[in-house]
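Single-structure report; data block below.
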Protein chains: 2
Amino acid sequence: MNENQLFKPVEQKRVFEDIANQIREAILSKKLKAQDRLPSERELAEQFKVGRLTIREALRTLESKGFVKVKKGSGGGAFVGEGDPGMVASLIIDNLQLEGLTGDQITESRITLECAGIRMAIKNAGMDDLDRVAESIEATREILKPERAGEILAKMVEFHILVAKASHNLPYVLFVRSLMEWGLRMRKNWIPTAEEQAYSYQSHLDIFRSISSKDEKKAMALMEEHIICMGSLGPNSIKM
Amino acid sequence: MNENQLFKPVEQKRVFEDIANQIREAILSKKLKAQDRLPSERELAEQFKVGRLTIREALRTLESKGFVKVKKGSGGGAFVGEGDPGMVASLIIDNLQLEGLTGDQITESRITLECAGIRMAIKNAGMDDLDRVAESIEATREILKPERAGEILAKMVEFHILVAKASHNLPYVLFVRSLMEWGLRMRKNWIPTAEEQAYSYQSHLDIFRSISSKDEKKAMALMEEHIICMGSLGPNSIKM
DNA sequence: AAATGCACTTTGGTCATACCATTCGAAATT
DNA sequence: AATTTCGAATGGTATGACCAAAGTGCATTT
């Protein structure tokens, strides 16, 4: 690392970056709250003394990172966002893929995180959190029919996310969500067999019961086995 | 969730989004490799049959997400990126902050992840990985002087990231990196006392030795204590 | 021959203007 | 009062122009 360099390269800032940063800081420091509406592009252009295009480029970068949402028409404009976990999860996977992510790494980190996360879930979950998991599992049973097989994958993912949410730990939820995002991409159009569906359902149910009864060891063991097993199913088993 | 809807709202796509997605897909599917140069904005405008401005907006979103890097001047243009973990880590924290992240949640997820990660580190680390950690710790000792206190924070963070890298698990490294990013932000301009520095140094050394000798339990226990202790130090201890 | 300096070309950065499409709300109509 | 209509606000796109930076190569100087 070169933090000891005497000279650092001059940062050639672009105007729209500066504007984007000003707005970003205002949002992060809560000077602008969620749902607040920014002035229109034309007004911002006047205020910042730049062209409208420059404002647009700043808003584009902010929008793409979830800081604002842009709406058209009268009463439209840029509105301060509240974060977009889905977008971040997607971006996480995109970037990891650029770095050379493999399916094995996903499975390994899922085991590491989700097993460890069970401890947080058991510690922090309220009745409502567990209820939501139970409901989701119940809803999954309704779907265990050949003609609704297309919906099963989303439900499988939902279980893991709901368990993560039971931890009430935002970073952890986001991480799990991004790991699940990978599975969703790899298995697009994948229709699990009846056996695979039955296994997944039963496995989720067992894990849930262990968590409910606060049997940490058992829940972790079940989760590990479940992730390993699912990791070898479907298109996922083919390494990237 | 409403995946059962009969009709979905017509997706009002913006042209630049479509273009950005086409390029994004090309990059993710490796049709465009890292370092490849895209045609100039003017050429792209011709190819896509749109105005140059539209191309620019597409490139802006791609650039802000790390898919491309843009250089000026002759021989410049948009070049395919290789991912930007630093940017992603920063974005992760930004978004979590928008969702209402607290310092306690960071400490909790750090304990959960970094302790569990020790297992991966012990399992996957090669000699070179351990050497890098040892070097970093050694370099930290050189800095344990009042006049170089400003550099100490970066070194403290480096230790945790190097241990994470020893796991050879890309998602995990990124997650740890983002959690450390939070600490860096909260403690900007924080100068630890001599005692705090000494504690941190000794603590890192102990953890490293436990990992080297593959003493999983001890390493995890030390890491947990270390994270808790550090969590109560500096500006970090003030909740957000 | 090597180093310097200068002009030229390419390419992104910014501005200004114009026009379109959408959206919302107020006015007009029934 | 409900509905329809229309207009103003606002983002989306296109054109054209000019500036600034960065590389290239040639000419000049040493």
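Just so we're on the same page: letters track the sequence lines, and every chain starts at 1.
Of the residues in residues 56-65 of chain B, B:R56, B:R60 come within less than 4.0 Å of DNA chain C through at least one heavy atom, sorted by number. In the region residues 32-44 of chain B, proximity to DNA chain C at under 4.0 angstrom, judged on heavy atoms, holds for B:R37, B:S40, B:E41, B:R42.
B:K72 has its NZ atom 6 Å from the C1' atom of C:dG12, to the nearest Å. Whole-Å rounding puts the A:R14 CZ to C:dT14 P distance at 8 Å. Whole-Å rounding puts the B:E17 CD to D:dG12 P distance at 9 Å. In this structure, the CD atom of A:E46 is 13 Å from the P atom of C:dC15, given to the nearest Å. If you measure from atom CG of B:L53 to atom P of C:dT11, you get 19 Å, rounded to the nearest angstrom. The CZ atom of A:F16 sits 15 Å away from the C1' atom of C:dC15 (whole-angstrom rounding). Residue B:I55 contributes atom CD1, which lies 14 Å from atom P of C:dG13 at whole-angstrom precision.
Taking the salt bridge (Lys or Arg N to Asp or Glu O under 4.0 Å) definition, one finds that B:E142 meets it with nothing, sequence neighbours left out. Residues meeting the side chain to side chain donor-acceptor pair (under 3.5 Å) test with B:D18, sequence neighbours left out: B:Q22. In terms of the salt bridge (Lys or Arg N to Asp or Glu O under 4.0 Å) criterion, B:E99 has no residue partners (sequence neighbours excluded). Applying the side chain to side chain donor-acceptor pair (under 3.5 Å) criterion to A:S64, with sequence neighbours excluded, gives B:S64. With sequence neighbours excluded, no residue forms a salt bridge (Lys or Arg N to Asp or Glu O under 4.0 Å) with B:R37. Every residue two or more places apart in sequence or in another chain that forms a ring-ring contact (aromatic ring centres under 6.0 Å, His included) with A:F159 is listed here: A:H204.
Salt bridge B:R14/A:E63: present, at least one basic N to carboxylate O contact under 4.0 Å.
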Only pairs under 3.5 Å count here: list side-chain donor-acceptor contacts from residues 164-173 of chain B, not counting sequence neighbours, and write none if there are none.
{"residue": "B:S167", "atom": "OG", "partner": "B:A164", "partner atom": "O", "Å": "2.6"}
{"residue": "B:S167", "atom": "OG", "partner": "B:N169", "partner atom": "N", "Å": "3.2"}
{"residue": "B:H168", "atom": "NE2", "partner": "B:D129", "partner atom": "OD1", "Å": "3.4"}
{"residue": "B:H168", "atom": "NE2", "partner": "B:D129", "partner atom": "OD2", "Å": "2.6"}
{"residue": "B:N169", "atom": "OD1", "partner": "B:Y172", "partner atom": "N", "Å": "3.1"}
{"residue": "B:N169", "atom": "ND2", "partner": "A:Q105", "partner atom": "O", "Å": "3.0"}
{"residue": "B:N169", "atom": "ND2", "partner": "A:E108", "partner atom": "OE1", "Å": "3.0"}
{"residue": "B:Y172", "atom": "OH", "partner": "B:L113", "partner atom": "O", "Å": "3.3"}

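Across all strands shown, A:G51 has heavy atoms under 4.0 Å from sugar-phosphate atoms exclusively, and none from any base.
Contacts classified as salt bridge (Lys or Arg N to Asp or Glu O under 4.0 Å) and involving residues 174-186 of chain A (residues at least two apart or in different chains) are given here: A:D94-A:R185, A:E181-A:R185. For residues 38-49 of chain A, the pairs satisfying side-chain hydrogen bond (donor to acceptor under 3.5 Å, both in side chains) are A:S40-A:E43, A:E41-A:R52, A:E41-A:R56, with sequence neighbours left out.
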Which protein N or O atoms sit under 3.5 Å from an N or O of nucleotides 26-28 of chain C?
none

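In terms of position along DNA chain C, the nucleotide closest to B:V70 lies nearer the 5' end than the nucleotide closest to the other residue of the pair B:V70 and A:K49.
A donor-acceptor contact under 3.5 Å links the side chain of B:R52 to the base of C:dG13.
Within the structure, every side-chain polar atom (N or O) of A:S74 is placed at least 4.0 Å from both OP1 and OP2 of C:dT22.
Counting non-hydrogen atoms of other residues, nucleotides and ligands closer than 6.0 Å to NZ of B:K71 gives a total of 12 or fewer.
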